[in-house]
Amino acid sequence: MNQKITETTVIDIQLIATILSIISFGATFILLYNQKLLEEKKEPLFSKKLTLEFVALNRIFVLFIVLLFLGANAIHLEIDKEKGEDLKFDYIDILSSILTLIVAFLAIYASIKALENNNLDIDNSVDEAL
(Lines give C-alpha, C1' and ligand atoms only; values in the text may rest on other atoms or scores of the structure.)
Protein backbone atom coordinates (compact mmCIF):
# COMPACT_ATOMS: atom_id res chain seq x y z
CA MET A 1 0.00 0.00 0.00
CA ASN A 2 1.51 3.31 -0.97
CA GLN A 3 1.86 6.18 1.46
CA LYS A 4 -0.87 8.39 -0.09
CA ILE A 5 -3.49 5.64 0.23
CA THR A 6 -2.45 5.03 3.85
CA GLU A 7 -2.77 8.74 4.73
CA THR A 8 -6.21 8.79 3.11
CA THR A 9 -7.14 5.65 5.05
CA VAL A 10 -6.19 7.36 8.33
CA ILE A 11 -8.45 10.29 7.47
CA ASP A 12 -11.27 7.89 6.53
CA ILE A 13 -10.93 6.11 9.88
CA GLN A 14 -11.02 9.46 11.70
CA LEU A 15 -14.12 10.54 9.73
CA ILE A 16 -15.93 7.30 10.57
CA ALA A 17 -14.94 7.58 14.24
CA THR A 18 -16.15 11.19 14.29
CA ILE A 19 -19.53 10.23 12.81
CA LEU A 20 -19.82 7.44 15.37
CA SER A 21 -18.96 9.96 18.12
CA ILE A 22 -21.83 12.18 17.00
CA ILE A 23 -24.18 9.18 17.15
CA SER A 24 -22.92 8.39 20.65
CA PHE A 25 -23.48 11.99 21.78
CA GLY A 26 -27.04 11.77 20.44
CA ALA A 27 -27.61 8.56 22.41
CA THR A 28 -26.14 10.19 25.51
CA PHE A 29 -28.51 13.15 25.11
CA ILE A 30 -31.52 10.82 24.86
CA LEU A 31 -30.36 8.81 27.88
CA LEU A 32 -29.84 11.95 29.96
CA TYR A 33 -33.25 13.26 28.96
CA ASN A 34 -34.76 9.92 29.94
CA GLN A 35 -32.94 10.07 33.28
CA LYS A 36 -34.41 13.55 33.83
CA LEU A 37 -37.90 12.20 33.14
CA LEU A 38 -37.34 9.38 35.61
CA GLU A 39 -36.10 11.81 38.28
CA GLU A 40 -39.12 14.08 37.73
CA LYS A 41 -41.46 11.09 38.07
CA LYS A 42 -42.75 11.67 34.53
CA GLU A 43 -43.36 9.05 31.87
CA PRO A 44 -39.86 8.04 30.70
CA LEU A 45 -38.86 6.88 27.24
CA PHE A 46 -37.27 3.75 28.74
CA SER A 47 -37.50 1.94 32.05
CA LYS A 48 -34.75 2.48 34.61
CA LYS A 49 -33.25 -0.95 33.91
CA LEU A 50 -33.33 -0.45 30.15
CA THR A 51 -31.75 2.99 30.58
CA LEU A 52 -28.89 1.43 32.55
CA GLU A 53 -28.44 -1.22 29.85
CA PHE A 54 -28.36 1.45 27.12
CA VAL A 55 -25.81 3.46 29.11
CA ALA A 56 -23.55 0.39 29.36
CA LEU A 57 -23.95 -0.32 25.64
CA ASN A 58 -23.26 3.30 24.73
CA ARG A 59 -20.08 3.25 26.79
CA ILE A 60 -18.93 0.07 25.06
CA PHE A 61 -19.68 1.83 21.77
CA VAL A 62 -17.50 4.73 22.94
CA LEU A 63 -14.71 2.25 23.71
CA PHE A 64 -14.90 1.06 20.10
CA ILE A 65 -14.66 4.68 18.90
CA VAL A 66 -11.61 5.30 21.08
CA LEU A 67 -9.97 2.18 19.66
CA LEU A 68 -10.61 3.50 16.13
CA PHE A 69 -8.87 6.77 16.98
CA LEU A 70 -5.99 4.90 18.64
CA GLY A 71 -5.60 2.74 15.53
CA ALA A 72 -5.62 5.79 13.27
CA ASN A 73 -2.97 7.44 15.46
CA ALA A 74 -0.80 4.32 15.32
CA ILE A 75 -1.03 4.20 11.52
CA HIS A 76 -0.18 7.90 11.34
CA LEU A 77 2.86 7.29 13.57
CA GLU A 78 4.12 4.63 11.16
CA ILE A 79 3.62 6.98 8.20
CA ASP A 80 5.58 9.73 9.93
CA LYS A 81 8.34 7.26 10.84
CA GLU A 82 8.67 6.32 7.16
CA LYS A 83 8.79 10.01 6.19
CA GLY A 84 11.42 10.71 8.84
CA GLU A 85 9.30 13.42 10.46
CA ASP A 86 9.30 14.55 14.07
CA LEU A 87 7.29 11.99 16.06
CA LYS A 88 6.71 14.06 19.20
CA PHE A 89 3.11 14.99 18.31
CA ASP A 90 2.34 11.45 17.14
CA TYR A 91 3.37 10.13 20.54
CA ILE A 92 1.27 12.81 22.25
CA ASP A 93 -1.74 11.76 20.15
CA ILE A 94 -1.20 8.12 21.06
CA LEU A 95 -0.78 8.97 24.75
CA SER A 96 -4.02 10.96 24.73
CA SER A 97 -5.80 8.04 23.04
CA ILE A 98 -4.44 5.64 25.67
CA LEU A 99 -5.60 7.92 28.49
CA THR A 100 -9.02 8.18 26.86
CA LEU A 101 -9.06 4.39 26.58
CA ILE A 102 -8.46 4.13 30.33
CA VAL A 103 -11.34 6.54 30.97
CA ALA A 104 -13.56 4.49 28.65
CA PHE A 105 -12.78 1.30 30.59
CA LEU A 106 -13.54 3.08 33.88
CA ALA A 107 -16.84 4.36 32.46
CA ILE A 108 -17.79 0.84 31.38
CA TYR A 109 -16.92 -0.48 34.83
CA ALA A 110 -19.05 2.22 36.47
CA SER A 111 -22.02 1.51 34.21
CA ILE A 112 -21.79 -2.24 34.84
CA LYS A 113 -21.72 -1.63 38.60
CA ALA A 114 -24.70 0.73 38.26
CA LEU A 115 -26.57 -1.95 36.31
CA GLU A 116 -25.75 -4.56 38.96
CA ASN A 117 -26.99 -2.23 41.71
CA ASN A 118 -29.92 -0.87 39.66
CA ASN A 119 -28.56 2.60 40.43
CA LEU A 120 -29.29 5.34 37.91
CA ASP A 121 -27.06 7.83 39.74
CA ILE A 122 -24.02 7.02 37.63
CA ASP A 123 -21.59 9.80 36.84
CA ASN A 124 -22.65 11.20 33.47
CA SER A 125 -19.70 13.57 33.36
CA VAL A 126 -17.61 10.67 32.09
CA ASP A 127 -19.80 10.49 28.96
CA GLU A 128 -19.30 14.19 28.41
CA ALA A 129 -15.52 13.76 28.66
CA LEU A 130 -15.58 11.10 25.98
Side-chain angles (χ1 to χ4, degrees):
M1 181 184 292
N2 73 32
Q3 189 169 323
K4 214 44 162 167
I5 293 173
T6 305
E7 288 176 1
T8 304
T9 303
V10 170
I11 294 170
D12 288 341
I13 293 169
Q14 291 172 334
L15 286 170
I16 290 167
T18 301
I19 291 167
L20 294 175
S21 296
I22 293 167
I23 292 168
S24 177
F25 280 122
T28 300
F29 175 81
I30 292 167
L31 292 168
L32 285 171
Y33 179 70
N34 189 70
Q35 183 177 347
K36 179 181 177 186
L37 292 174
L38 284 167
E39 293 294 325
E40 293 175 344
K41 308 289 189 236
K42 295 181 180 175
E43 185 66 31
L45 304 171
F46 316 108
S47 69
K48 182 177 179 180
K49 180 162 177 44
L50 196 55
T51 300
L52 291 169
E53 290 171 358
F54 284 150
V55 167
L57 287 173
N58 190 43
R59 289 180 176 184
I60 291 169
F61 185 62
V62 167
L63 174 66
F64 174 72
I65 295 166
V66 171
L67 288 171
L68 281 176
F69 278 113
L70 179 59
N73 289 338
I75 293 169
H76 196 263
L77 172 68
E78 291 304 315
I79 292 169
D80 285 350
K81 276 183 184 177
E82 289 177 15
K83 288 181 175 178
E85 293 186 10
D86 183 15
L87 304 177
K88 178 174 62 174
F89 294 111
D90 293 306
Y91 288 124
I92 291 171
D93 283 342
I94 289 175
L95 177 62
S96 68
S97 291
I98 291 170
L99 293 174
T100 306
L101 188 65
I102 292 168
V103 172
F105 277 119
L106 291 172
I108 290 169
Y109 176 77
S111 63
I112 290 171
K113 285 299 183 185
L115 187 58
E116 287 174 358
N117 297 327
N118 197 31
N119 181 6
L120 196 57
D121 295 329
I122 53 180
D123 184 8
N124 292 308
S125 64
V126 175
D127 283 333
E128 294 166 6
L130 297 176

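Counting from 1, the numbers follow the sequence of the chain as shown.
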Checking Lys42 now: which residues fulfil side chain to side chain donor-acceptor pair (under 3.5 Å) with it, not counting sequence neighbours?
Glu40

Across all chains, not counting sequence neighbours, the side chain to side chain donor-acceptor pair (under 3.5 Å) partners of Lys49 are Glu53

Could you check if a side-chain atom of Val103 sits within less than 4.5 angstrom of a side-chain atom of Leu99, using non-hydrogen atoms only?
no

Would you call Tyr91 and Leu95 a side-chain contact if the rule is heavy atoms closer than 4.5 Å?
no

Determine whether [X] and [Y] fall in the same hydrophobic cluster, where Ile, Leu, Val, Met, Phe, Trp and Tyr are linked whenever their side-chain heavy atoms lie under 4.5 Å apart.
| X | Y | result |
| --- | --- | --- |
| Ile11 | Leu20 | no |
| Ile92 | Val10 | no |
| Leu115 | Tyr109 | no |
| Phe89 | Ile13 | no |
| Leu106 | Ile60 | yes |

Restricting to non-hydrogen atoms, name the atom on [X] and the atom on [Y] that form the minimum distance, rounded to 0.1 Å.
| X | Y | value |
| --- | --- | --- |
| Ala27 | Asn58 | CB-OD1, 3.8 Å |
| Leu45 | Asn34 | N-OD1, 2.5 Å |
| Ala104 | Leu63 | CB-CD1, 4.0 Å |
| Ala107 | Arg59 | O-NH1, 2.9 Å |
| Ala56 | Ser111 | CA-OG, 3.5 Å |

Applying side chain to side chain contact (heavy atoms under 4.5 Å, CB included), can you list everything that pairs with Glu43, at least two apart in sequence or on another chain?
none

Please name all residues satisfying side chain to side chain contact (heavy atoms under 4.5 Å, CB included) with Phe29, sequence neighbours left out, ordered by chain then number.
none

When rounded to the nearest 0.5 angstrom, what distance separates [atom1] in [X] from [atom2] in [Y]?
| X | Y | atom1 | atom2 | answer |
| --- | --- | --- | --- | --- |
| Leu50 | Leu57 | CG | CG | 9.0 Å |
| Thr51 | Gln35 | OG1 | CD | 8.0 Å |
| Glu82 | Leu77 | CD | CG | 10.5 Å |

For residues 65-76, which side-chain N or O atoms pair as donor and acceptor with protein atoms under 3.5 Å away, sequence neighbours left out?
| unit_1 | atom_1 | unit_2 | atom_2 | d |
| --- | --- | --- | --- | --- |
| Asn73 | ND2 | Phe69 | O | 3.3 |
| Asn73 | ND2 | Asp93 | O | 3.3 |
| Asn73 | ND2 | Ser97 | OG | 2.7 |
| His76 | ND1 | Asp80 | OD2 | 3.4 |
| His76 | ND1 | Asp90 | OD1 | 2.9 |

In terms of side-chain geometry, is the basic nitrogen of Lys81 or Glu78 positioned less than 4.0 Å from the acidic oxygen of its partner?
yes

Residues in ring pair (Phe, Tyr, Trp, His ring centres under 6.0 Å) contact with Phe46, at least two apart in sequence or another chain:
Phe54

Test Lys113 against Glu116 for salt bridge (charged side-chain N to carboxylate O under 4.0 Å, His left out), laying out the working first.
CA-CA 5 Å; Lys113 285 299 183 185; Glu116 287 174 358; 3.2 Å; yes

